[in-house]
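Reading through the structure tokens given below for one structure.
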Amino acid sequence: MEAAILCKDLKKHYPDVKAVDGIDLEVGRGECFGLLGPNGAGKTTTIEILEGLNTADGGEVRILGLNWADSERDIRERIGVSLQETQLSEKVTVYETLRLFRSFYRRGRDPEELLRGLSLDEKRNARVGKLSGGQKQRLAVACALVGEPEILFLDEPTTGLDPQSRLQLWEVVTGYRERGGTILLTTHYMEEAERLCDRIAIIDHGKRIALGTPKELIAKLDAPHVIELITEPALDEEVFSSISGFHGATRRGEGWQLRVDSLAVSVPQLIGIVDGRGVRLETLSTHAATLEDLFVALTGRELRDA
């Protein structure tokens with residue numbers, strides 16, 4: 001694929017932290033690419049540099065084959081940006097806001113069409129300050145889309161939204177992707193990344209620690225199933241090594257997360273171990289392996305902050 005977004009050895013350092021520490025990314029045209037990681041991992045700093053809102057301390061950035069130093073106006077005409085927190089004038093109506101953003105571009109989409117497409121037509125004449133959180137977020141995305149961008153940057157677009165509003169925004173993103181648009185999405189919701197993204201880069205402490213399709217990344221666990229358990233008193237990790245199809249354990253809170261081949265085989269054996277050592281089983285749950293499980297296995301901590 002031809003690269004729509006390219007960065008090599010991207011760096012951004014502050015006195016007390018290396019926010020971005022040598023990240024390489026290549027996003028193909030027409031691709032939905034996700035940056036996945038917890039708060040403070042470096043996702044927002046990375047996307048701000050790619051959007052031209054922040055400057056790198058080192059590395060190379062090219063957007064649609066152009067660089068920000070020489071082609072800022074041309075790049076801004078061809079991208080749309082929805083920030084993690086978009087502050088719009090609360091006294092202006094929804095339609096006036098969208099029409100204002102449309103005026104910033106030489107070409108673009110009909111504001112009326114976008115209002116219908118993002119289910120905001122009934123709020124056309126409502127002031128922005130009267131909108132719900134989900135409606136404000138959809139309006140922010142509409143403002144990002146009104147210039148008919150070739151690339152759409154979305155920085156944690158569904159954080160804090162209720163499930164219905166999150167699903168509505170997912171539909172908007174999917175529709176844009178189906179029309180050939182390129183998307184760079186940051187999120188700490190693993191379900192969002194698995195559903196929307198063609199490929200994902202997992203970022204932690206300013207570094208890229210994994211890259212691939214959702215299926216490729218989950219396969220890195222070497223086990224399709226996960227068992228989570230808490231016992232009192234806690235068991236030592238070595239007691240799990242006798243379980244058939246066992247691929248490793250990671251501490252998770254007060255308990256353990258075990259990666260196994262077969263639940264039908266491993267769960268009875270695990271219960272036998274618990275009974276044989278005379279400890280009390282507080283909780284036990286199972287699920288199919290996910291991106292969050294991979295992150296825990298790679299870093300030893302949660303993908304999403306508590």
Side-chain angles (χ1 to χ4, degrees), residues 1-7 25-37 43-44 46-48 50-52 62-66 75-84 86 98 101-102 105 107-111 113-120 134-135 137-159 161 163-203 208 210-218 290-291:
M1 291 181 292
E2 183 183 359
I5 301 170
L6 178 68
C7 69
L25 295 174
E26 184 172 341
V27 181
R29 290 180 184 263
E31 183 177 23
C32 182
F33 190 96
L35 296 182
L36 186 64
K43 305 186 307 297
T44 293
T46 298
I47 200 171
E48 285 178 348
L50 298 177
E51 293 165 344
R62 299 194 74 82
I63 307 296
L64 297 166
L66 307 173
I75 295 174
R76 294 210 182 279
E77 281 283 345
R78 299 169 68 183
I79 68 171
V81 175
S82 180
L83 303 173
Q84 192 172 128
T86 301
L98 200 51
F101 273 75
R102 171 63 186 87
Y105 300 91
R107 64 183 183 88
R109 297 179 62 181
D110 180 4
E113 175 193 349
L114 278 174
L115 291 178
R116 292 191 296 271
L118 281 93
S119 302
L120 289 169
Q135 290 165 344
Q137 198 74 317
R138 293 204 304 277
L139 177 57
V141 173
C143 291
L145 289 170
V146 75
E148 205 167 10
E150 296 175 48
I151 301 176
L152 181 61
F153 291 95
L154 299 173
D155 190 6
E156 298 194 9
T158 63
T159 297
L161 297 187
Q164 182 179 0
S165 296
R166 182 172 293 124
L167 286 172
Q168 288 175 326
L169 269 182
W170 286 357
E171 291 174 0
V172 171
V173 172
T174 300
Y176 174 79
R177 166 73 171 75
E178 289 173 348
R179 293 190 299 272
T182 302
I183 301 166
L184 182 61
L185 168 78
T186 75
T187 183
H188 55 236
Y189 293 111
M190 57 90 180
E191 181 187 2
E192 186 165 271
E194 287 185 40
R195 176 162 175 171
L196 296 178
C197 297
D198 299 303
R199 289 190 302 143
I200 295 165
I202 297 179
I203 294 177
R208 194 190 79 191
L211 174 69
T213 68
K215 287 185 178 180
E216 288 170 347
L217 291 175
I218 292 170
T290 68
L291 288 172

Problem - Donor-acceptor contact present, side-chain Q137 to main-chain P157, <3.5 Å - result: yes

Residues at least two apart in sequence or cross-chain that pass side chain to side chain contact (heavy atoms under 4.5 Å, CB included) with L167, listed by chain then number, are W170, R195

Side chain to side chain contact (heavy atoms under 4.5 Å, CB included) evaluation trace for I218 with E194:
CA-CA 10 Å; I218 292 170; E194 287 185 40; 4.1 Å; yes

In this structure, OG1 of T213 is separated from CD1 of I200 (nearest 0.5 Å) by 8.0 Å

Nearest heavy-atom approach of S165 to G134 is OG-CA, 3.6 Å

Quick note, side-chain hydrogen bond (donor to acceptor under 3.5 Å, both in side chains) partners involving residues 171-181, not counting sequence neighbours, are R177-D198

Note: F33 and C197 closest approach over all heavy atoms is C-SG, 4.1 Å

Does a sphere of radius 6.0 Å around CD in E113 hold more than 12 heavy atoms from other residues, nucleotides or ligands, not counting ones at 6.0 Å or beyond? yes

Could you check whether S119 and Q168, counting side-chain N and O atoms only, form a donor-acceptor pair closer than 3.5 Å? no

Worksheet item: Run the side chain to side chain contact (heavy atoms under 4.5 Å, CB included) check on L50 and I5 step by step: do they pass?
Response: CA-CA 8 Å; L50 298 177; I5 301 170; 4.0 Å; yes

*Backbone N/O of L161 and side chain of R166: donor-acceptor pair under 3.5 Å*: yes

- Task: Might you work through the side chain to side chain donor-acceptor pair (under 3.5 Å) test for T158 and E192, ending with a clear yes or no?
- Result: CA-CA 9 Å; T158 63; E192 186 165 271; 2.4 Å; yes

Note: P214 and L291 closest approach over all heavy atoms is O-CD2, 4.1 Å

Closest non-hydrogen atoms of L196 and L185, given as atom of the first, atom of the second and distance, are CD1-CD2, 4.0 Å

In this structure, CZ of R109 is separated from CG of L115 (nearest 0.5 Å) by 11.0 Å

Rounded to the nearest 0.5 angstrom, the CG-CG distance for L120 and L139 is 6.0 Å

Passes side chain to side chain contact (heavy atoms under 4.5 Å, CB included), T46 versus L25? Steps please. CA-CA 10 Å; T46 298; L25 295 174; 4.2 Å; yes

Side chain to side chain donor-acceptor pair (under 3.5 Å) filter on R76, not counting sequence neighbours, yields E72

TODO: Ignoring hydrogens and angles, tell me if any N or O in the side chain of R138 forms a donor-acceptor pair with the backbone of L118 under 3.5 Å.
DONE: yes

Across all chains, not counting sequence neighbours, the side chain to side chain contact (heavy atoms under 4.5 Å, CB included) partners of I203 are I23, L35, A41

Scanning both residues in full, the closest heavy-atom pair of R29 with A4 reads CG-CB, 3.8 Å

*Kindly indicate, with the supporting measurements, whether the criterion side chain to side chain contact (heavy atoms under 4.5 Å, CB included) is fulfilled by L145 and V172.*
CA-CA 10 Å; L145 289 170; V172 171; 4.0 Å; yes

d(E148 CD, E150 CD) to nearest 0.5 Å is 9.5 Å

Looking only at heavy atoms, the pair that brings A144 and S82 closest together is CB-N, 4.1 Å

Sequence neighbours excluded, the answer for salt bridge (charged side-chain N to carboxylate O under 4.0 Å, His left out) partners of E216 is none

d(C7 SG, E26 CD) to nearest 0.5 Å is 9.5 Å

For Q84, the side chain to side chain contact (heavy atoms under 4.5 Å, CB included) test, sequence neighbours excluded, returns T44, D155, E156

Separation between CD1 (I75) and CD1 (I63), nearest 0.5 Å, reads 6.0 Å

